[in-house]
Every structure is written in C-alpha cells, then in structure tokens.
Amino acid sequence: MMRRARRSWTGAPRGWRIAWALAVTQTVGFGVLFYAYAVFTLPMEAELGWTRAQTSGAFSLALLVSGLAALPVGRLVDARGARGLMSVASLAGALLLLAWSFVTSAWTLYLIQAAIGLVMACVLYDVAFTVIATWFRQQRIRAMLLVTTFAGLASTIFVPLATALVEGLGWRAALRVLALLLVGITVPLHALVVRRAPTARDGEAFEGAATNDAEHTAPEPSVGTREALRSGTFWWLSGAFGLDRIAIVAVAAHAVPLLLERGYAPGVVATAAGSIGLLQVVGRIAFAPATAHLPLAHLTSITFSVRAAALLCLWLVPGGVGLWAFVTGFGLANGASTLARAGLVAARFGPAHYGAINGGISTVVAVAQTVAPLGVGALRDGTGGYELALAALVTASLAAAALVLRAGTSTAVGATTLR
C-alpha cells in the first residue's frame, strides 16, 4: 500500500489532491484579498478624496486583525478541521469585496477591511499549513513547497489582472468581478476537496504516515497548546520569526523610496522590486531539498544570515553590484523563510495542535509587522537617510538567526529535534 502512496504529484492520493486544491485557493486568496489592495488605493483616493494615510491605515488594520485572530482560528481548526471554516470564510470574503465596492466613507472601508483581515486569518497560509501538517509527514515540506510555489505567483497574476479590470470597468466593478472569482474558485475547492484529517480508511492518503512507514521513523511529538506556549522553544521561534518579519515588511514598505534615494533610476527600482518576488519562488525550490541534508534550525539560521548579508550589501556596497546582491539574497531568503517556519513548527510541536501553536507565533509576528514600517520611517525622518534603519534591519536579521539556533538547542518539547 505504501508503494501506491508514493506516487508522483499527479495521480496522487487524497493528501496530494488536498495540496493541489490549496495551491489554487491560496493563489486566488492572496491575489484577491492581499495583493490586489494596492491596485485600488489610487482610484479610491481619486474618487473619494481620501489620503494615503487613510487607505494605508485600512490595510494595516486588516493585517493586524489577521494576526491577532490567528491563535483562536488555529484552535478552531485543530478542534474541528478547516473544511467548513475555509468554505464559509471564502464566501464571506466574496461578500465583503461586494460590500467594499459600495463604500463611500472611510469608516466603512475600515470596518470592511477589519472583517477581511479575519477572513485572511481563516483562509490563507496559517490554516493551509495546518491542513498540510495534518496530512503529511515525510513529504510535508514538499507539499508546502507545492502550495507556496503556486501562491508565490499570486501577485504576478492578480496585480495585472486587477489593474486591467480597474482600467476597463472602474474600481467598483473590478471588485465585483474579483468577488465572483473568489467565490467561484475557492468555495467549491474548500468544500469538496479539503478534509479534516486522514483516517485508517484513507490508508495511502496519508503520505509518509509513521504507521505505514517502512523506514520506521520515530513517532512525531504531540505537544499541547498550553505546554507549547509555556516552552522556551515557542518564544525563541516567535522572536526569531518576528524579527525576520520586521525586515521583510520594512523593506516591502520602504524599498521603492529607499532605492530612489540611493540614486537608482525608477526603471531599475521597479525591476529590482519585481525580481525579489520572482526569486522567492527560487528560494522555496532550493530550500525544500536542502532539508534532507541539514537540520531545519540550522537551515533557517542560514536563511536569516543570508538576509542580513543582503541588507549589508545594500547598505555598504555601492552601485549595481550592491543592488543586485541585495535583490538576490533578500528574495531567496523571503521564499525560504515561509517554508522554514511552517516546517519548524510541525517538527518541534507535531501536527495535533499545529493551528493554535502556529497561530500564537502569528500573533507575535503580526505585532512586529505592524510596527516595522513605522519604525523604519521614524528612523529615516529622524536621521535624514536610511543608513541607521538598514543597520537596525541587519541587526534584527542576525538576532533572528541566533534565536532560531537557540530554539534548536533548547530542551526538546515532546522529545523531537528541529529537523
């Protein structure tokens, strides 16, 4: 039976069908709920007279709500599974997009974006990775790679699509079209394909299940949420990924003005920013096979160190060499860090309470990503340049690398290793 379970990515058993479905729904979900927002900023401001602070604040609120909701959402998924939640939340997301298309006041936009933040907590990576952690063991990183590789193309697909819709139909009608896409693609896949957990009847569906594994690998840990949240490992990992997220979000928010201030031409800046996104996919593809040769904690520490080196190049190395060294290193690290966190949480704490434990880390990360753009902006305004801010981000990345190694050497939770 295990021979039949170890099939290619096509013609796979139920676990792989779920992974393929999530690859599609994550791409659409991120594209519509996350990346498309930037496309609607200028037309909303032009029609309704809003400031950039108002439109940016609404999206920041969505991100904050998404992070704060991650822990309770994770508990719910652990207890009841993701199928119903993802289906209902996807439908709610489409209805919220429809409501957004009728807004005329800023406070209404803020309410809708807060609700969309809750939807994102229910349908995007945290919940998807919980499903993958439940259905996969030996092939877990490979399944996560499948999902994140497709989702990494969300901005490439949906930013141009949303732009074309806005230009052709206007921003309100464009939102209604995106709402139809969201409900038409994600709701059926979530409702018909996603399942709670493999059972004995699924047999081959649980790819790499310890019970059927001919290699007799050690059983995975099963750490309770309270035990995990009290452990040093949880807080070392939360600190590491929180600091790493500070660097990611700060650069995302300030990359364009930072590079322009350093004298790069607008066309070069646009190309560099787009290249970071494409290199994320390369980073994920490179990270997955590397997990067979290095412990996850060490590989993650290397990833964070590469980010620090990339920022150091941007800070200290002038000209095109420094720019493209930064773009390459930062893009690769962005892609790898997504898989690193998902894999580390599952390896250290097990899949039974993955949703709640990962959600707890997401809450810490949410606070970090909220303050990051503001902190870097304050340093820029206070010093007249980005040099001190870049130094702070290098320090944060190096600290993240040290913390994740500390988590890897801490007393084991549930008798496992970060591999």
Side-chain angles (χ1 to χ4, degrees), residues 21-22 24-41 43-44 47-48 50 54-70 72-74 76-77 80-128 130-131 151 154-155 157-159 161-166 168-194 359 362 366:
L22 290 174
V24 175
T25 63
Q26 293 303 291
T27 304
V28 177
F30 270 106
V32 172
L33 298 173
F34 185 86
Y35 288 110
Y37 186 87
V39 177
F40 294 95
T41 299
M44 284 193 299
E47 178 182 328
L48 300 169
W50 294 339
Q54 286 176 305
T55 54
S56 299
F59 188 61
S60 296
L61 177 61
L63 295 179
L64 181 61
V65 170
S66 178
L68 295 178
V73 167
L76 180 61
V77 173
R80 302 198 175 186
R83 179 186 181 187
L85 179 68
M86 297 184 89
S87 302
V88 172
S90 296
L91 176 59
L95 293 175
L96 288 165
L97 289 173
L98 184 62
W100 179 7
S101 72
F102 291 98
V103 299
T104 57
S105 61
W107 70 266
T108 307
L109 176 67
Y110 273 67
L111 284 177
I112 291 170
Q113 286 300 313
I116 287 177
L118 181 58
V119 168
M120 288 195 288
C122 295
V123 301
L124 295 184
Y125 271 163
D126 282 347
V127 175
T130 302
V131 176
S155 61
I157 297 169
F158 280 92
V159 170
L161 175 60
T163 300
L165 289 172
V166 170
L169 303 174
W171 70 271
R172 295 183 185 274
L175 281 169
R176 293 161 195 163
V177 173
L178 292 179
L180 288 174
L181 286 175
L182 185 68
V183 72
I185 296 173
T186 64
V187 172
L189 287 174
H190 287 150
L192 299 176
V193 181
V194 173
S362 292

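Below, each value reflects all heavy atoms present in this structure, side chains not excepted, and no hydrogens, waters or symmetry copies. Positions are given from 1 along the sequence.
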Considering all heavy atoms of both residues, which atom of [X] and which atom of [Y] are nearest to each other, and what is their separation?
X      : Y      : value
Val183 : Pro188 : O-CD, 3.3 Å
Ser362 : Ala70  : CB-CB, 3.4 Å
Ser87  : Val187 : O-CG2, 3.9 Å
Ala82  : Val131 : CB-CG2, 3.5 Å
Arg83  : His190 : CG-O, 3.5 Å
Cys122 : Val127 : O-CG2, 3.5 Å

Is [Y] close to [X] at the side-chain level, that is, under 4.5 Å between some pair of heavy atoms?
X      : Y      : answer
Ile185 : Thr25  : no
Phe34  : Phe158 : no
Val39  : Leu165 : no
Leu182 : Val28  : yes
Trp50  : Leu109 : yes
Asp126 : Val73  : no
Leu169 : Arg176 : no

Straight-line distance of [X] [atom1] to [Y] [atom2], nearest 0.5 Å:
X      : Y      : atom1 : atom2 : result
Leu68  : Leu64  : CG    : CG    : 4.5 Å
Met44  : Thr104 : CE    : OG1   : 12.5 Å
Ile116 : Leu95  : CD1   : CG    : 11.0 Å
Thr27  : Leu22  : OG1   : CG    : 10.0 Å
Ser60  : Tyr110 : OG    : OH    : 8.0 Å
Gln113 : Leu33  : CD    : CG    : 9.0 Å

Step by step, would you call Tyr37 with Phe59 a ring-ring contact (aromatic ring centres under 6.0 Å, His included)? CA-CA 8 Å; Tyr37 186 87; Phe59 188 61; 4.9 Å; yes

Side chain to side chain contact (heavy atoms under 4.5 Å, CB included), paired with Ser101, selected from Val103, Leu98, Leu97: Leu98

In terms of relative ring orientation, are Trp171 and Phe40 parallel, tilted or perpendicular, with 30° and 60° separating the classes? perpendicular

Whether the side chain of Gln26 engages the backbone of Val123 through a donor-acceptor N/O pair (distance < 3.5 Å, no angle test) should be reported. yes

Flag, side chain of Ser66 to backbone of Ala62, donor-acceptor distance under 3.5 Å: no

